[in-house]
Engineer: 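Next up is a structure, given as structure tokens.
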Amino acid sequence: MRTVVDDRGQGWDVLVGKASWGTLVLLFVPRDGGEARSVVVAEETPFEAEQALDRLDDDALRARLRDTNAGTGG
């Protein structure tokens, strides 16, 4: 798990999750409560996805957060 602060100063916990259809995602959970967001990753195994998460710097995580499906319920 990682933590990142977005462009507005809100903290997010970031972890690898699995969507209901089996696709791996980065799950962004707001530290102060609210709706979680997710974005699909290309990696095929949880181990590979964790390694990819570890390689992302904070700027890359913020970019992925901006790509999330906010407001789409998923």
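Values below: all heavy atoms of this structure, side chains included; hydrogens, waters and symmetry mates excluded.
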Engineer: Return the CG to CZ distance between D67 and R62, rounded to the nearest 0.5 Å.
Structural biologist: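 Rounded to the nearest 0.5 Å, the CG-CZ separation comes to 13.5 Å.
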
Engineer: In terms of hydrophobic clustering (I, L, V, M, F, W, Y; side-chain heavy atoms under 4.5 Å; direct or indirect links), are V41 and L15 co-clustered?
Structural biologist: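 Per the 4.5 Å side-chain linkage, V41 and L15 are not co-clustered.
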
Engineer: If every non-hydrogen atom of Q10 is compared with every non-hydrogen atom of G33, which pair is closest and at what distance?
Structural biologist: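 Shortest heavy-atom separation between Q10 and G33 comes out as NE2-O, 4.4 Å.
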
Engineer: Salt bridge between R66 and D7, side-chain N to carboxylate O under 4.0 Å?
Structural biologist: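 Salt bridge flag = yes for D7 with R66.
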
Engineer: Is there a salt bridge (Lys or Arg N to Asp or Glu O under 4.0 Å) between R2 and D54? Walk through the geometry before answering.
Structural biologist: CA-CA 8 Å; R2 297 270 305 277; D54 289 343; 5.4 Å; no

Engineer: Can you find a pair of side-chain heavy atoms, one from K18 and one from V25, that are under 4.5 Å apart?
Structural biologist: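 Side-chain contact under 4.5 Å: no.
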
Engineer: Could you grab the distance from atom CG of L65 to atom OG of S38, nearest 0.5 Å is fine?
Structural biologist: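 Going from the CG atom of L65 to the OG atom of S38 covers 11.0 Å.
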
Engineer: Is there a donor-acceptor pair closer than 3.5 Å between any side-chain N or O of E48 and the backbone N or O of E44?
Structural biologist: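 It does hold such a pair.
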
Engineer: Kindly indicate whether the side chain of L24, heavy atoms from C-beta on, has any atom under 4.5 Å from the side chain of P46.
Structural biologist: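 Yes, close enough: below the 4.5 Å cut-off.
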
Engineer: What are the two closest non-hydrogen atoms of A52 and E43, and how far apart are they?
Structural biologist: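 Nearest heavy atoms, A52 then E43: CB-OE2, 3.5 Å.
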
Engineer: By the definition side-chain contact (heavy atoms from CB on, under 4.5 Å), identify the one residue from V5, L61, L27, D6 that meets it with W12.
Structural biologist: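 Only one option passes, and that is D6.
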
Engineer: Heavy-atom distance under 4.5 Å between the side chains of D13 and F28, does that happen here?
Structural biologist: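 No; the side chains remain at least 4.5 Å from each other.
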
Engineer: Hydrophobic clusters here meaning ILVMFWY residues chained together by side-chain heavy-atom distances under 4.5 Å, can you tell me if L26 and V29 are in one?
Structural biologist: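 No, no single cluster joins them.
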
Engineer: Looking only at atom types and distance, does a side-chain atom of R64 sit under 3.5 Å from a main-chain N or O of V40, one as donor and one as acceptor?
Structural biologist: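 Indeed, once roles are kept as given, a pair shorter than 3.5 Å links the two residues.
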
